[in-house]
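Taking it in order: structure first as structure tokens, then the write-up.
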Protein chains: 2
Amino acid sequence: MALELRDRDTGVYDAYKAKPYPPHNPEAKARPIPLSPCNCCAAHKKAICASLDGTELHRFRKLSQVRLVKAGQSIYRELDPANYLYTVVSGEARLSSLLNDGRRQVTDFRACGDKLGEHIQGYYSANAEAITDMIVCQIPLPELQARMSEMPGLRVSLMEKMETEINQMRSHLMLLGRKTPIEKVATFLVERAKKFESATAENTDIGLSMSRRDIADYLGLTIETVSRTLTALKTKGVVSIPSPDQISVLDMMELKYLAGIE
Amino acid sequence: MALELRDRDTGVYDAYKAKPYPPHNPEAKARPIPLSPCNCCAAHKKAICASLDGTELHRFRKLSQVRLVKAGQSIYRELDPANYLYTVVSGEARLSSLLNDGRRQVTDFRACGDKLGEHIQGYYSANAEAITDMIVCQIPLPELQARMSEMPGLRVSLMEKMETEINQMRSHLMLLGRKTPIEKVATFLVERAKKFESATAENTDIGLSMSRRDIADYLGLTIETVSRTLTALKTKGVVSIPSPDQISVLDMMELKYLAGIE
DNA sequence: CGCCCAGTTGATTGAGATCAAGAGGGGTGG
DNA sequence: CCACCCCTCTTGATCTCAATCAACTGGGCG
């Protein structure tokens, strides 16, 4: 019968065992940075602290710490005690979960203004790793709780972030469950172009800070399929690929069509 | 080349076109029910209103309406203006999204005490349909907003619901992106057993209110694969299937193992 | 200079989708 | 009450596309 209850120890996913993801390195994970005011922070306007002003912001700033995380380092791991809520100031992070045998699902990429630190019952519910050098701003969770009681706006803006997150996850579920590889890759490129379009004036160049493996694990594909699909898009004249981490969209309409615009 | 940019109009998903999902029926969608106190509501302890007491609860009750929705009817549709937040009192609902060509992703099933009504910028972000006869409690969103400002506990418990939701969605992403059909079905059964175990004393009977198509669209599979996988589990002696909507778990340890306990 | 690793490309395989047919069960109407 | 239909679920046969296996390329770095 085609559909057997295959033993999961038979090495189906040997590729993952052969090349494990880099180990956790808690000591080296973060470097403190001197205090500087929030209102000149690159992430301030997009982050939860945007809802604060004047003295509130100042008090909030004193509770938080800015840290540098180098590319490849872990910010926190699944099942670590959750001590902080993080805001990405610069750089990009990858959120992921693992199965016992090493299969990985990347659940999101987080950039400037995004938060990090989803947790459940006091423990982080995913792995967060820097995929570029990063600056993050961390605030201890107990302090945040206290601040939220005093400043309802803080809780409101955190809730809004969560609503956005839920809606993004919903389309990600659709992507993983029902889209074809071409639709997946096209959707990924369109979303990425959208996320960063405000930054770069009018060009549709997309920077990929993450590896093909990261993209594959985000889209529920293999690296080979991601690579082949990008080549197919290039062949069709929809994109050009100056370098592996640089995609230039030549035909955004077509790309959106291929993405299956919802 | 195997990986072509296939035209999405070529009828790949004809099965969906041939049997469209039932149309929306806004008039018949809900029937008001006489007022009764919240503290005898089946969902009260699990729902967001659990954080209220005494006069607060009474005021809250007067703002909300209880309605009966028959199996198969729509509660709201994606892109409808979002007017209410719902709490499921009894029965079960299905949340889903559609692609243009009819492919469907079921994002969640909601039962007693769960909320309904995720929205973005004033519009519902998914379809909610009753899969059994249901009783739901609806509160107008503007009223809820106002109440939340006065009663912070309400906002806190709504946030907690959202956190739970995000964590469930994360494991759903892992399931859709990286799990095999057996793992998907086993996970679904384990989760379902967990969700309803408190209700039924000690037996591990699982009631399936939803069709095979619903399960397939939830797990990112076809109905055939769901059916075959259930049969495989039965053949292996892990479950018995007294009737299509009734699963009895004979070996919960094995089922959890097959689910790839995260 | 040559190693190493990420990415690409090619060949083959196999799991799950698709296509097709049969079984069971509930509801309706004669 | 039974016969028929309809619809869902199951089971079987076949096919296809993405995974797997494998080889090659090129750029960065010691």
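Only this structure's heavy atoms are used, side chains among them; waters, hydrogens and symmetry mates stay out. Letters A, B, ... mirror the listed sequences (proteins, then strands); counts begin at 1.
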Query - For the student: nearest non-hydrogen atoms of A/Leu255 and A/Ala186, plus distance - result: O-CB, 3.7 Å
Query raised in the report: Can a donor-acceptor pair be found between the side chains of A/Ser243 and A/Gln246 at a distance below 3.5 Å?
Result: no
Query raised in the report: Is the phosphate of D/dA18, meaning OP1 or OP2, less than 4.0 Å from a side-chain N or O of A/Thr222?
Result: no
Query - Between D/dA18 (C1') and A/Asp217 (CG): distance, integer Å - result: 15 Å
Requested in this report: Specify the separation, in whole Å, of atom CG of B/Leu219 and atom P of C/dG16.
Outcome: 13 Å
Query raised in the report: Taking 4.0 angstrom as the limit, do B/Arg192 and B/Glu92 come out as a salt bridge?
Result: yes
Report summary line: Hits for side chain to side chain contact (heavy atoms under 4.5 Å, CB included) against A/Asp114, two or more places apart or cross-chain, chain-then-number order -> A/Arg110, A/Ala111, A/Lys195
Report task. Estimate the overall bend of the helix from C/dC1-D/dG30 to C/dG30-D/dC1 from the end axes over five pairs each, rounded to 10 degrees. Result -> 30°
**Report entry** A/Leu176 CG - D/dA18 P separation (whole Å)
**Finding:** 14 Å
Report task. Would you please say whether a donor-acceptor pair under 3.5 Å links the side chains of B/Ser125 and A/Arg170? Result -> yes
Polar pairs (N or O, both sides) under 3.5 Å between protein and nucleotides 9-11 of chain C?
{"unit_1": "C/dT9", "atom_1": "OP2", "unit_2": "A/Thr231", "atom_2": "OG1", "d": "2.6"}
{"unit_1": "C/dG10", "atom_1": "N7", "unit_2": "A/Arg228", "atom_2": "NH1", "d": "2.7"}
{"unit_1": "C/dG10", "atom_1": "O6", "unit_2": "A/Arg228", "atom_2": "NH2", "d": "3.0"}
{"unit_1": "C/dA11", "atom_1": "N6", "unit_2": "A/Arg228", "atom_2": "NH2", "d": "3.3"}

Query raised in the report: Tell me: CG of B/Leu221 to C1' of D/dT10, nearest whole Å?
Result: 16 Å
Report task. Specify the separation, in whole Å, of atom CG of A/Asp245 and atom P of D/dG26. Result -> 18 Å
Query raised in the report: Tell me: CD1 of B/Ile241 to P of C/dG25, nearest whole Å?
Result: 14 Å
Report summary line: note: A/Lys184, atom NZ; D/dA19, atom C1'; distance rounded to Å ~ 12 Å
Query raised in the report: Within this structure, what is the CZ-to-P distance between A/Arg213 and C/dG7, rounded to whole angstrom?
Result: 10 Å
Query raised in the report: Will you find, in the side chains of B/Arg94 and B/Ser211, an N or O donor that is under 3.5 Å from an N or O acceptor?
Result: no
Report task. Examine the side chains of B/Thr180 and A/Arg103 and answer whether a donor and an acceptor come within less than 3.5 Å of each other. Result -> no
Query raised in the report: Would you call A/Glu183 and A/Arg178 a salt bridge, taking side-chain N to carboxylate O under 4.0 Å as the test?
Result: no
Query raised in the report: What does B/Ser243 touch in the nucleic acid at a heavy-atom separation under 4.0 angstrom: a base, only the sugar-phosphate, or nothing?
Result: nothing
Requested in this report: Report yes or no: does A/Thr229 contribute a side-chain atom to a donor-acceptor pair with the main-chain N or O of A/Ile182 at less than 3.5 Å?
Outcome: no
